There are 2 protein chains.
Amino acid sequence: MRFQKTTEYALRVMVFLWNHQGELYSVNRMHKILNIPYKYLGRVMHTLTGAGFLEVQQGKMGGYQINAQKSQIYLYEIIGAIEGLDSYERCVLGFPECSDENPCTLHKIWSNQQPGLKDMVYNVCLNDLGAEYNLKY
Amino acid sequence: MRFQKTTEYALRVMVFLWNHQGELYSVNRMHKILNIPYKYLGRVMHTLTGAGFLEVQQGKMGGYQINAQKSQIYLYEIIGAIEGLDSYERCVLGFPECSDENPCTLHKIWSNQQPGLKDMVYNVCLNDLGAEYNLKY
DNA sequence: TTTAAATACTACTTGTAGGTGGTAAATAAT
DNA sequence: ATTATTTACCACCTACAAGTAGTATTTAAA
Ligand code: SF4
Ligand code: SF4
């Protein structure tokens, strides 16, 4: 019952770039600031770029920044690009053959929590996350 | 963001035995009824027995049943025996060095959901789970 | 006493998230 | 042009959850 670590990495770097728009940041700079393994962050950046969240400039002095055409980025977009949204669209366990009439043992307790989690994933965007904290990252 | 599959196995078999108290069930019988791999269920049963939830009778005609001294079994006990309770006692990400003043990017949204999840894990017991459904299992 | 059916235990296999390392290609500074 | 710094890409490694296989041990029925 936890988010994937890679998802937190992705959100961390996206929040960072969101709050530093207009400047290019290389993986080398960011991995120190955000405390994420260098090479692994490189792969995450590649994924996030492929998902359309970022603009890249290759070569010396290059780096990443938020895609200027993005006026909002919701958590579900990022989570979807990294670990998928199955847990929120279906359920934690995700048995394909289940329903209210044919539930697994966790259905009752989960169906109480599902809406809140779904709401937080679908209705929170990067602005909401970054504003409230003075992130060290 | 999902429970471990083994946790669902454990809850499934515990609910089943809870609702069939006073009779011994072998792994061979249960794995067919509950649709859990035979050998894997055997290991889960061994773990659950070690945690004190079950009484065992070895040998022919043997099997498992709920420990008669248990008048209630809460979900946190079972989850704790299988995958641990770190996610509920600490948080989804569980960084040791975090706090409200030093949060990770997910702290805000998670701290909205944490109480509800914690409540469901700590205040729901097997009676609550089994009563509501006509489980095929 | 023999046999069948059960748990107990150990080792192995598989799939995947997380992480490491090396190199090719791009590109700005020199 | 050369060099340094960067992304892009590919192959591999590691840890762990999930699942498989086989055997020793226990025990009741026959
Ligand atoms: S029965 Fe409910 S909790 Fe179980 S897998 Fe289906 S939707 Fe999820
Ligand atoms: S900062 Fe909050 S969400 Fe992040 S690891 Fe700590 S308690 Fe969890």
Side-chain angles (χ1 to χ4, degrees), chain A residues 1-13 17 23-67 79-84 86-87 92-95, chain B residues 1-13 17 23-65 67 79 81-84 86-87 92-95:
Chain A
M1 262 310 273
R2 49 176 54 211
F3 289 97
Q4 285 181 15
K5 208 169 181 180
T6 310
T7 299
E8 215 284 316
Y9 289 163
L11 288 168
R12 198 184 298 173
V13 71
L17 289 175
E23 186 178 355
L24 287 172
Y25 280 87
S26 71
V27 173
N28 191 37
R29 268 216 286 175
M30 287 191 294
H31 97 275
K32 296 175 200 161
I33 299 172
L34 301 176
N35 195 30
I36 300 170
Y38 172 63
K39 281 290 192 179
Y40 197 66
L41 178 56
R43 282 221 311 227
V44 173
M45 297 313 291
H46 192 57
T47 301
L48 292 171
T49 303
F53 302 130
L54 304 174
E55 292 172 1
V56 191
Q57 184 181 328
Q58 289 191 5
K60 192 169 183 176
M61 304 299 285
Y64 300 89
Q65 61 185 328
I66 297 287
N67 184 336
I79 294 172
I82 300 295
E83 64 177 87
D86 282 10
S87 299
V92 259
L93 301 165
F95 295 136
Chain B
M1 264 307 275
R2 47 177 53 210
F3 289 96
Q4 286 181 16
K5 208 168 181 180
T6 310
T7 298
E8 215 284 316
Y9 288 164
L11 288 168
R12 199 184 298 173
V13 72
L17 289 175
E23 186 179 356
L24 287 172
Y25 279 88
S26 71
V27 174
N28 191 38
R29 268 218 286 174
M30 287 190 294
H31 97 276
K32 296 174 201 162
I33 300 172
L34 301 176
N35 195 29
I36 300 171
Y38 171 63
K39 282 290 193 180
Y40 198 67
L41 178 57
R43 283 222 310 232
V44 173
M45 297 313 290
H46 192 56
T47 302
L48 292 171
T49 303
F53 302 129
L54 302 174
E55 291 172 0
V56 191
Q57 184 181 328
Q58 290 190 5
K60 192 170 182 177
M61 304 298 285
Y64 300 89
Q65 61 185 329
N67 184 336
I79 294 172
I82 300 294
E83 65 177 86
D86 282 11
S87 299
V92 259
L93 301 166
F95 295 135

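In the text below, chain A, chain B and the rest are named by the order of the sequence lines, each starting its count at 1. A quick note: this is a predicted structure, and the numbers were derived from the prediction, not measured.
Remark: B:Glu23 engages B:Arg29 in a salt bridge, criterion side-chain N to carboxylate O under 4.0 Å.
The shortest non-hydrogen separation linking A:Thr49 to A:Val56 is CG2-CG2, 3.2 Å. Heavy-atom minimum distance, A:Gly62 versus A:Ser26: O-CB, 4.0 Å. Nearest heavy-atom pair, B:Arg12 versus B:Ile36, reported as atom, atom and distance to 0.1 Å: NH1-CG1, 3.8 Å.
Residue A:Tyr38 holds its OH atom at 8.0 Å from NE2 of A:His31, rounded to the nearest 0.5 Å. Going from atom CG of B:Leu24 over to atom CG of B:Leu54 covers 11.0 Å, rounded to the nearest 0.5 Å.
Considering only heavy atoms from C-beta on, A:Phe3 stays 4.5 Å or farther from A:Glu8 through its side chain. Considering only heavy atoms from C-beta on, B:Gln57 stays 4.5 Å or farther from B:Tyr64 through its side chain. Counting heavy atoms from C-beta outward, A:Ile82 and A:Leu48 have side chains that approach closer than 4.5 Å.
Qualifying side-chain contact (heavy atoms from CB on, under 4.5 Å) partners for A:Glu55, counting only residues two or more places apart in sequence or in other chains: A:Gln65, A:Asn67, A:Ala68.
Close to C:dT7, at under 4.0 Å from its OP1 or OP2, lies no side-chain N or O of B:His46.
For B:His31 and C:dA5, the NE2 to C1' distance is 15 Å, given to the nearest whole Å. Rounded to whole angstrom, the span from the CD1 atom of A:Ile79 across to the P atom of C:dA17 amounts to 15 Å. In this structure, B:Lys5 atom NZ and C:dT16 atom C1' are separated by 13 Å, rounded to whole Å.
Axis angle across the helix from C:dT1-D:dA30 to C:dT30-D:dA1, with five pairs used at each end and values rounded to 10°: 10°.
Listed by residue number, the members of residues 36-45 of chain A with any heavy atom below 4.0 angstrom from DNA chain D are A:Tyr38, A:Lys39, A:Arg43.
Along DNA chain D, the stretch of nucleotides lying under 4.0 Å from any heavy atom of chain B spans, 5' to 3', D:dA18 to D:dA28.
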Atom pairs under 3.5 Å: protein N/O with N/O of nucleotides 27-30 of chain C:
from: C:dT27; atom 1: O2; to: A:Lys60; atom 2: N; distance (Å): 3.3
from: C:dA28; atom 1: OP1; to: A:Gln57; atom 2: NE2; distance (Å): 3.4
from: C:dA28; atom 1: O4'; to: A:Lys60; atom 2: O; distance (Å): 3.4

Give every donor-acceptor pair under 3.5 Å between a side-chain atom in residues 39-46 of chain A and any protein atom, sequence neighbours left out.
from: A:Tyr40; atom 1: OH; to: A:Thr6; atom 2: OG1; distance (Å): 2.7

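At the heavy-atom level, B:Thr6 lies under 4.0 Å from the strands shown only through sugar-phosphate atoms.
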